[in-house]
Novice: 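This is the structure, below, for whatever I ask next.
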Amino acid sequence: MPSGIELSRGFYESLVGPWLARAYPGLRHAAALVGYGSELLGFDDEMSQDHNWGPRVLLFVSAADFGWVGREVVEDFGVAAPATFHGVPIGWASREHPAPHANGGWSDDRHGLEVWTVDAFANHWLGGPPPADNLAWLGLAEQRLLSVTAGAVFRDDDGALTDLRARLASPPRDVALYKLACQWRRIGEEQAFVGRTGDRGDELGSRVIAARLARDGMRLAFLIEGRYAPYPKWFGSAFAQLPCAAELSPLLQRALVAADWQAREAALAEAYLVLAQLQIARGWPCAPPIVSPYHERPFTVINAEPIWQAVRAEIVDPALRALPVIGALDQVTGATAVIEAPARARAAMAALLDDGEPGALEKA
């Protein structure tokens with residue numbers, strides 16, 4: 001069985017595209033596999049085929065064309081389409097887990113063809129238009145950004161979809177710096193607690209904090225490498241594809257299986273040092289990394305505060321530099337109910353970073 005992307009590419013190129021040329025000659029459009037699905041990241045396998053998987057394609061047309069052709073295309077294709085493509089059912093109505101309907105586009109349970117405008121698609125996945133300034137980026141979940149930028153484009157007549165994906169492929173440098181600073185601060189706030197809890201005999205607590213820090217280190221690696229991190233199901237799989245994973249993974253594994261807090265803490269400290277050195281190698285600002293005891297206490301930490309301060313100092317945008325070092329949406333919450341409500345998430349982040357008092361952000 002081909003991958004989901006290749007199945008859908010063939011679905012468009014050998015079936016949908018030729019039918020469209022006959023039924024709607026001259027209709028300018030883009031065709032892509034974007035939005036939802038493990039196949040967008042290349043992680044689909046046999047188990048993926050039990051829900052929301054199959055030959056499908058999203059068509060993008062202009063707003064003017066969408067008004068007269070959007071619904072007709074999905075209805076007409078429902079009549080013309082075969083029941084299967086390469087032995088895979090193209091419809092969803094008989095499946096235990098049907099594909100979600102388009103919200104802002106047109107779709108049909110009988111097949112995997114959807115019709116959208118680029119603007120409606122962006123509004124659906126981002127909870128609004130693409131970010132107009134640096135602050136707006138902070139309310140966007142990286143998984144939602146992947147929904148727009150991952151996958152594959154099979155055709156793009158006017159380039160609008162390609163332009164959208166290019167605009168969202170990576171955040172502006174100042175946004176990346178802010179997130180990088182916030183991630184180091186997260187590590188700085190908890191790194192000494194692996195030893196503190198262990199020293200008190202709280203082995204479970206020490207392991208839980210170590211696991212949190214391993215996750216924070218992995219997310220830091222995504223930021224340093226300039227990649228978006230997917231949601232938890234594919235977080236580890238995507239991390240394994242990062243260039244730095246070969247060096248970091250053994251250290252994080254060692255921290256998670258360590259028999260005592262001293263070994264756990266030492267492995268994490270070594271991972272922090274690798275991350276700081278990687279940050280320097282990738283051209284990001286960074287204070288000289290130093291692993292040392294935590295003040296007078298016998299716990300091993302890295303100098304996270306000077307590192308995040310050095311990163312923050314390089315932010316050019318005064319509005320972004322004035323923000324409290326809290327973080328973007330993914331650094332504040334991992335709650336699915338928030339991530340999957342992008343309009344509310346953007347509003348929540350705006351409220352979190354501004355308490356409404358005049359000059360509050362400048363004083364933070």
Novice: Quick one, Leu146 with Leu40, criterion side-chain contact (heavy atoms from CB on, under 4.5 Å). Give me CA distance, side-chain angles, the key distance, then yes/no.
Specialist: CA-CA 8 Å; Leu146 281 171; Leu40 267 64; over 6 Å; no
Novice: Can you find a heavy atom in the side chain of Cys286 that is under 4.5 Å from one in the side chain of Trp184?
Specialist: no
Novice: Looking at Tyr294, I'd like to know if its OH atom is crowded, meaning that more than 12 non-hydrogen atoms belonging to other residues, nucleotides or ligands lie closer than 6.0 Å.
Specialist: no
Novice: When hydrophobic residues are tied together by side-chain contacts of less than 4.5 Å, even through go-betweens, does Phe299 share a cluster with Ile307?
Specialist: no
Novice: With rounding to the nearest 0.5 Å, note down the distance linking OG in Ser62 to CG in Asp119.
Specialist: 11.0 Å
Novice: Quick one: does Asn134's side chain have a donor or acceptor within less than 3.5 Å of a partner on Leu320's backbone?
Specialist: no
Novice: Look up atom CZ in Arg254 and atom CD in Glu270, then write down how far apart they are to the nearest 0.5 Å.
Specialist: 5.0 Å
Novice: If you apply the rule side-chain contact (heavy atoms from CB on, under 4.5 Å), what do you find for Leu135 with Leu353, and how did you get there?
Specialist: CA-CA 9 Å; Leu135 295 178; Leu353 294 170; 5.6 Å; no
Novice: Would you confirm whether Tyr178, through its side chain, and Arg312, through its main-chain N or O, come within 3.5 Å as a donor-acceptor pair?
Specialist: no
Novice: Please name the pair of heavy atoms, one in Leu164 and one in Ala122, separated by the smallest distance, quoted to 0.1 Å.
Specialist: CD2-CB, 4.1 Å
Novice: Going by side chain to side chain contact (heavy atoms under 4.5 Å, CB included), name the residues that satisfy it together with Val291, two or more places apart in sequence or in a different chain.
Specialist: Ala269, Leu273, Thr300, Ile302
Novice: Can you find a pair of side-chain heavy atoms, one from Leu278 and one from Trp284, that are under 4.5 Å apart?
Specialist: no
Novice: Taking all non-hydrogen atoms of both residues, which atom of Gly105 and which atom of Phe66 are closest, and how far apart?
Specialist: CA-CZ, 4.1 Å
Novice: Any donor and acceptor pair, going by atom type alone, linking the side chain of Arg28 with main-chain N or O of Asp157 inside 3.5 Å?
Specialist: yes
Novice: What are the two closest non-hydrogen atoms of Glu314 and Leu177, and how far apart are they?
Specialist: O-CD1, 3.7 Å
Novice: Taking atom types as modelled, find out whether Tyr24 and Asp76 have a side-chain donor-acceptor pair closer than 3.5 angstrom.
Specialist: yes
Novice: State, to 0.1 Å, how close Glu225 and Arg282 come at their nearest heavy-atom pair, and which atoms those are.
Specialist: OE1-NE, 2.8 Å
Novice: Below 4.5 Å, heavy atoms only, C-beta onward: do Phe121 and Val34 meet side chain to side chain?
Specialist: yes
Novice: Answer yes when Arg9 and Glu6 have at least one side-chain N-carboxylate O distance shorter than 4.0 Å, and no when they do not.
Specialist: yes
Novice: Between Arg71 and Val115 (side chain of the first, backbone of the second, donor and acceptor by atom type, cut-off under 3.5 Å), is there such a pair?
Specialist: no
Novice: Quick one: does Val274's side chain get under 4.5 Å of Cys244's, heavy atoms only?
Specialist: no
Novice: Mind checking whether Pro230 and Phe222 have side chains closer than 4.5 Å, heavy atoms only?
Specialist: yes
Novice: Would you say the side chain of Tyr12 lies within less than 4.5 Å of the side chain of Leu59, judging by non-hydrogen atoms?
Specialist: yes
Novice: Pairing donors with acceptors under 3.5 angstrom, does anything connect the side chains of Trp234 and Ser38?
Specialist: yes
Novice: If only atom types and distance count, is the side chain of Arg185 paired as donor or acceptor with the main-chain N or O of Ile326 below 3.5 Å?
Specialist: no
Novice: Using a 6.0 Å cut-off, check whether atom CD of Gln253 has over 12 heavy atoms from anything other than its own residue.
Specialist: no
Novice: Go through it in stages, so that I can follow the logic: the residues are Glu39 and Leu7, the test is side-chain contact (heavy atoms from CB on, under 4.5 Å), and I'd like the CA-CA distance, side-chain angles, deciding distance and then a yes or no.
Specialist: CA-CA 10 Å; Glu39 58 267 41; Leu7 181 68; over 6 Å; no
Novice: Same cluster or not: are Phe239 and Leu180 linked, directly or through other Ile, Leu, Val, Met, Phe, Trp or Tyr residues, by side-chain heavy atoms under 4.5 angstrom apart?
Specialist: yes
Novice: State, with a plain yes or no, whether a side-chain heavy atom of Leu213 is found less than 4.5 Å away from one of Arg264.
Specialist: no
Novice: Which value, rounded to the nearest 0.5 Å, describes the distance between Phe235 atom CZ and Met218 atom CE?
Specialist: 4.5 Å
Novice: Measure from the side-chain N and O atoms of Gln143 to the backbone N and O of Tyr231, and report whether any donor-acceptor pair falls under 3.5 Å.
Specialist: yes
Novice: Could you tell me the separation between the CD1 atom of Ile90 and the CZ atom of Phe85, rounded to the nearest 0.5 Å?
Specialist: 9.5 Å
Novice: Do Glu72 and Trp106 come within less than 4.5 Å of each other through their side chains, counting heavy atoms only?
Specialist: no
Novice: side-chain contact (heavy atoms from CB on, under 4.5 Å), that's the test. Do Val301 and Tyr272 meet it? Break it down for me.
Specialist: CA-CA 9 Å; Val301 298; Tyr272 307 147; over 6 Å; no
Novice: Which heavy-atom pair separates Arg321 from Ile315 by the least distance, and what is that distance?
Specialist: NH1-O, 2.7 Å
Novice: Answer yes or no: are there more than 12 heavy-atom neighbours, outside Gln309 itself, under 6.0 Å from its atom CD?
Specialist: yes
Novice: Kindly compute the distance separating NZ (Lys233) from CG (Leu41), expressed to the nearest 0.5 Å.
Specialist: 10.0 Å
Novice: Is a donor on one side and an acceptor on the other found under 3.5 Å between the side chain of Ser147 and the backbone of Tyr36?
Specialist: no
Novice: I'd like to know if the side chain of Asp108 reaches the main chain of Glu75, judged simply by a donor and an acceptor atom lying under 3.5 Å from each other, with no hydrogens or angles considered.
Specialist: no
Novice: With hydrophobic residues grouped by side-chain heavy-atom distances under 4.5 Å, do Trp116 and Leu161 end up in a single group?
Specialist: yes
Novice: Look at the side chain of Asn303 and the backbone N and O of Ile290, then say whether any donor-acceptor pair between them is shorter than 3.5 Å.
Specialist: yes
Novice: Grouping I, L, V, M, F, W and Y whenever their side-chain heavy atoms are under 4.5 Å apart, do Leu268 and Trp261 come out in a common cluster?
Specialist: no
Novice: Of all heavy-atom pairs between Ala310 and Pro285, which one has the smallest distance, and what is that distance?
Specialist: O-CB, 3.9 Å
Novice: Looking at Glu114 and Arg56, does any basic side-chain N land under 4.0 Å from a carboxylate oxygen?
Specialist: no
Novice: Do Val73 and Leu15 land in one hydrophobic cluster if side-chain heavy atoms of ILVMFWY residues count as linked below 4.5 Å?
Specialist: yes
Novice: Rounded to the nearest 0.5 Å, how far apart are CD of Glu305 and CD1 of Ile187?
Specialist: 14.0 Å
Novice: Is there a donor-acceptor pair closer than 3.5 Å between any side-chain N or O of Thr197 and the backbone N or O of Val194?
Specialist: yes
Novice: Got a list of side-chain donor-acceptor pairs under 3.5 Å for residues 331-351, not counting sequence neighbours?
Specialist:
{"unit_1": "Gln331", "atom_1": "OE1", "unit_2": "Ala328", "atom_2": "N", "d": "2.8"}
{"unit_1": "Gln331", "atom_1": "NE2", "unit_2": "Lys179", "atom_2": "O", "d": "2.8"}
{"unit_1": "Gln331", "atom_1": "NE2", "unit_2": "Gln183", "atom_2": "OE1", "d": "2.9"}
{"unit_1": "Thr333", "atom_1": "OG1", "unit_2": "Ala335", "atom_2": "N", "d": "3.0"}
{"unit_1": "Glu340", "atom_1": "OE1", "unit_2": "Arg144", "atom_2": "NH1", "d": "2.8"}
{"unit_1": "Glu340", "atom_1": "OE2", "unit_2": "Arg144", "atom_2": "NH1", "d": "3.4"}
{"unit_1": "Arg346", "atom_1": "NH1", "unit_2": "Leu126", "atom_2": "O", "d": "3.0"}
{"unit_1": "Arg346", "atom_1": "NH1", "unit_2": "Pro129", "atom_2": "O", "d": "3.0"}
{"unit_1": "Arg346", "atom_1": "NH2", "unit_2": "Pro129", "atom_2": "O", "d": "3.2"}

Novice: Applying salt bridge (Lys or Arg N to Asp or Glu O under 4.0 Å), name anything that partners Arg212, two or more places apart in sequence or on another chain.
Specialist: Glu190
